Amino acid sequence: MIKIDLKGTIKEFESGVTAAEVAKSIGMGLYKSACAARIDGEVKDLRTPIEKDCALEILTFDEADGKHAYWHTTAHIMAQAVKRLYPGTKFAIGPAIENGFYYDFDLEAPLSPEDLPKIEDEMKKIIKENIDLERFELPPEEAKKEMAGQDYKLELIDEHSANGEKISFYRQGDFEDLCAGPHLMSTGGVKAVKLTSITGAYWRGDATKKMLTRVYGISFPKQSMLDEYLEMLEEAKKRDHRKLGKELGLFLLRDEGPGFPFFLPKGMVLRNTLIDYWREVHKRYGYVEISTPLMLNRQLWERSGHWDHYKNNMYTTVIDDTDFAIKPMNCPGGMLVYSSEPHSYRDLPLRVGELGLVHRHELSGTLHGLFRVRCFTQDDAHIFMTWEQMKDEIKNVVKLFDEVYSVFGLSYQIEVSTMPEDHMGEKETWDFATDTLKAAVEEMGKDYVINEGDGAFYGPKLDFHLSDSLGRTWQCGTIQLDLQLPERFELEYTGADGQKHRPVMIHRVVLGSIERFIGVITEHFAGKFPLWLSPVQAVILPISERHHEYAQSLKEQLEAAGLRVECDTRNEKIGYKIREAQLQQTPYMLVVGDKEAETGTISPRHRKDGDLGAMSVEDFIAKTKAEIASKEIK
């Protein structure tokens, strides 16, 4: 008999019992909704036999790892459907992703969006057949025979068989795939499925390799969940920041500069207002601001470790026979600023902020509006401190994050990312840093999840995943503990004992990237920015030409009060002007006619609340100033 810990409840089972059988013993409801299992912290198939004492969690679709197994299985169902419909297809990869799954195919004739319903119908047949999934392993040479003619699979087998280990497969009826799993027990576990889009994708993301057909999809345990998701997608299309950015005159994306956005006048107002707020918050939290060079020599990047760990993503050039790189990160410049003068323990913690323009070479296929670009402004900060100050400084940063995100109505989940395989430093140092991060957020009463192996190469980190008004998540803020770069750059401070000591450093961003954050909040607010952020806060709408003089004097009054105002003097009907202002998501529309001109008043109309009635100019200024000061979201 073996003992299995089920979230604190210990139960005994025969050795060899599967996770699925344990789930069934608890209840048929859990068994039917189970997607995978976590055995002693590792995610496994439900069909995995358990042969020793362990801790076991049954994972449903409600957990991220349960969704992963669910969507990965659906990707295999799609591949099986494609094989049945297009027998000559060569298969690349088909992973689960953050929202659903995709599979890359090399077809004799390319697919079109019109083909997706046919594939969906075949998938539904496979689901109805309720085919069991079977896991098996083969030695590398036998695995190659099994995948004969499947060039992409053979390439993967060669990569994964270097150590001679067996290759893992999954079979479901007439389809089998090279795969580590985990998967559902059968195809019938999938209940509602929709193929959402089709696009091209280079094999391995390499533009020198063949272009494959990538089909995306989503699936859920209930049709109602799928319906809600599809409704959200439709709303997301309306909120697409690329569409709104063009309609609202915020930014341009041009073929002449792929991944290099152009900000237009209104976009610059939004951007600068956001930066002004960033500076105001950071001044209150005790930060100083610096600016470091855009380009620095190879020796510096070798010293920081970026040349070895990040060179493929860096833009390089040669100046006076010396290699230089445009900075992909601000950190090394920050190290040089710190080391430029001696420091005492009395100077610490030293909080140094930088709005640094960085460049990273992203693959062309991954570029996406402002969300994935090749140059962006990182709202960086480096905090230098003593070992004793680490936990309090982490808490201080989290408090700053709380304040900033609440202003935009964004909630978040914290993820602790641990030591990756490609890292600098000793495991003991990493463990200490990781435990410090965990302890800081635990003491603040905040929950977190673990993301194993996803830390930066120089230290563990806290990633903040923001939830927007549609429930979508965005990774923006991050707090990274670094015990490596201070060592590499020989940073020092003089302690109370008169001796030299090595400081600890935090890298952190709150917005992440100014450009990406603008994309996020554009979709979050659907272009209806709060008054304090709106590029144009009020538009004056004179009814006819005889009202232009009063409209102009009103504009001057409002601008003198600090409001951003436009005046629409076009020879158009007032109804047309109001509709245009509404399409531009202008918070306030000020209709000016005979009555207003005679009495020196205005008749404001709010984009959400409608007509507010006549009021004096002074009262309107007081109202809007209060709304701006409170950063109210309407």
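Here the structure is a predicted model, which is why all the values come from computation and not from measurement.
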Undergrad: Among all residues two or more places apart in sequence or in another chain, which pass the ring-ring contact (aromatic ring centres under 6.0 Å, His included) test with Phe464?
TA: Phe401, Tyr412
Undergrad: Mind checking whether His359 and Tyr315 have parallel, tilted or perpendicular rings, split at 30° and 60°?
TA: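 Ring orientation, 0 to 90° scale: perpendicular.
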Undergrad: Out of Lys210, Lys209, Arg204, Arg214, which one pairs with Asp104 under the salt bridge (Lys or Arg N to Asp or Glu O under 4.0 Å) rule?
TA: Arg214
Undergrad: Taking NZ, NE, NH1 and NH2 as the nitrogens, is one of them in Lys327 or Glu354 under 4.0 Å from a carboxylate oxygen of the other?
TA: yes
Undergrad: Can you sort out the partners of Glu341 under side-chain hydrogen bond (donor to acceptor under 3.5 Å, both in side chains), two or more places apart, ordered by chain and number?
TA: none
Undergrad: My understanding is that only residues two or more places apart in sequence, or in another chain, count here; which of them pass ring-ring contact (aromatic ring centres under 6.0 Å, His included) with His282?
TA: Trp278, Tyr287
Undergrad: Checking Lys577 now: which residues fulfil salt bridge (charged side-chain N to carboxylate O under 4.0 Å, His left out) with it, not counting sequence neighbours?
TA: none
Undergrad: Looking only at side-chain N and O atoms, does Asp320 offer a donor or acceptor that is under 3.5 Å from a partner on Thr322?
TA: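 Result is no, nothing qualifies.
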Undergrad: If we ignore hydrogens and angles and just use 3.5 Å, is the side chain of Asp379 paired with the main-chain N or O of Gly512 as donor and acceptor?
TA: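 Judged by distance alone, yes, a pair lies under 3.5 Å.
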Undergrad: Please check if the distance between the ring centroids of Tyr310 and Trp301 is under 6.0 Å.
TA: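 Distance test on ring centres: not under 6.0 Å, no.
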Undergrad: Return the set of residues passing side-chain hydrogen bond (donor to acceptor under 3.5 Å, both in side chains) with Thr316 (not counting sequence neighbours), or none when no residue passes.
TA: none
Undergrad: Is it true that Lys555 and Glu566 make a salt bridge, defined as a side-chain N closer than 4.0 Å to a carboxylate O?
TA: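 Salt bridge: no.
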Undergrad: For Asp240, which residues count as a salt bridge (charged side-chain N to carboxylate O under 4.0 Å, His left out) partner, sequence neighbours excluded?
TA: Arg242
Undergrad: Here's a test for you: under ring pair (Phe, Tyr, Trp, His ring centres under 6.0 Å), which of Tyr405, Phe408, Trp474 qualifies with Phe517?
TA: Phe408
Undergrad: Kindly write out the residues that satisfy side-chain hydrogen bond (donor to acceptor under 3.5 Å, both in side chains) with Thr273, not counting sequence neighbours, or none if the list is empty.
TA: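 Counting only residues at least two positions away or on another chain, Thr273 forms no side-chain hydrogen bond (donor to acceptor under 3.5 Å, both in side chains).
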Undergrad: By the definition side chain to side chain donor-acceptor pair (under 3.5 Å), identify the one residue from Glu523, His368, Lys246 that meets it with His241.
TA: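 The residue from Glu523, His368, Lys246 that satisfies side chain to side chain donor-acceptor pair (under 3.5 Å) with His241 turns out to be Glu523.
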Undergrad: Please check: side-chain N/O of Arg516 versus main-chain N/O of Arg372, any donor-acceptor pairing under 3.5 Å?
TA: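 Such a contact is absent between Arg516 side chain and Arg372 backbone.
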Undergrad: If the condition is salt bridge (charged side-chain N to carboxylate O under 4.0 Å, His left out), which residues does Asp402 pass it with, not counting sequence neighbours?
TA: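 Per chain and number, Asp402 pairs via salt bridge (charged side-chain N to carboxylate O under 4.0 Å, His left out) with Lys446.
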Undergrad: Is a side-chain N or O of Arg360 found less than 3.5 angstrom from the main chain of Asn313, in a donor-acceptor match?
TA: no
Undergrad: Would you tell me whether Gln413 and His465 have side-chain atoms, one donor and one acceptor, within less than 3.5 Å of each other?
TA: no
Undergrad: Would you please name every residue forming a side-chain hydrogen bond (donor to acceptor under 3.5 Å, both in side chains) with Lys528, sequence neighbours left out?
TA: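 Lys528: no side-chain hydrogen bond (donor to acceptor under 3.5 Å, both in side chains) contacts found.
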Undergrad: Looking at Arg254 and Glu256, is there a salt bridge between them, counting it only when a charged N and a carboxylate O are closer than 4.0 Å?
TA: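 Answer for the salt bridge query: yes.
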Undergrad: Determine yes or no for a side-chain-to-main-chain donor-acceptor pair under 3.5 angstrom, with Glu545 supplying the side chain and Arg570 the backbone.
TA: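 No; zero donor-acceptor contacts below 3.5 Å.
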Undergrad: Taking only residues two or more places apart in sequence or in another chain, which ones pass ring-ring contact (aromatic ring centres under 6.0 Å, His included) with His507?
TA: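 His507 satisfies ring-ring contact (aromatic ring centres under 6.0 Å, His included) with His382, Tyr458 only.
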Undergrad: Taking NZ, NE, NH1 and NH2 as the nitrogens, is one of them in Glu280 or Lys283 under 4.0 Å from a carboxylate oxygen of the other?
TA: no
Undergrad: Measure the acute angle between the ring planes of Phe620 and Tyr588, then classify it against the limits of 30° and 60° as parallel, tilted or perpendicular.
TA: perpendicular
Undergrad: Per the salt bridge (Lys or Arg N to Asp or Glu O under 4.0 Å) rule, what does the pair list look like for residues 287-316, sequence neighbours excluded?
TA: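 Salt bridge (Lys or Arg N to Asp or Glu O under 4.0 Å) check on residues 287-316 returns Arg279-Glu289, Arg298-Glu302, Arg298-Asp323.
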Undergrad: Under the ring-ring contact (aromatic ring centres under 6.0 Å, His included) rule, collect the residues that match up with His548, sequence neighbours excluded.
TA: none
Undergrad: Without swapping roles, check the side chain of Asp482 against the backbone of Met505 for a donor-acceptor pair under 3.5 Å.
TA: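 No; judged by distance alone, with no hydrogens or angles, the pair does not exist.
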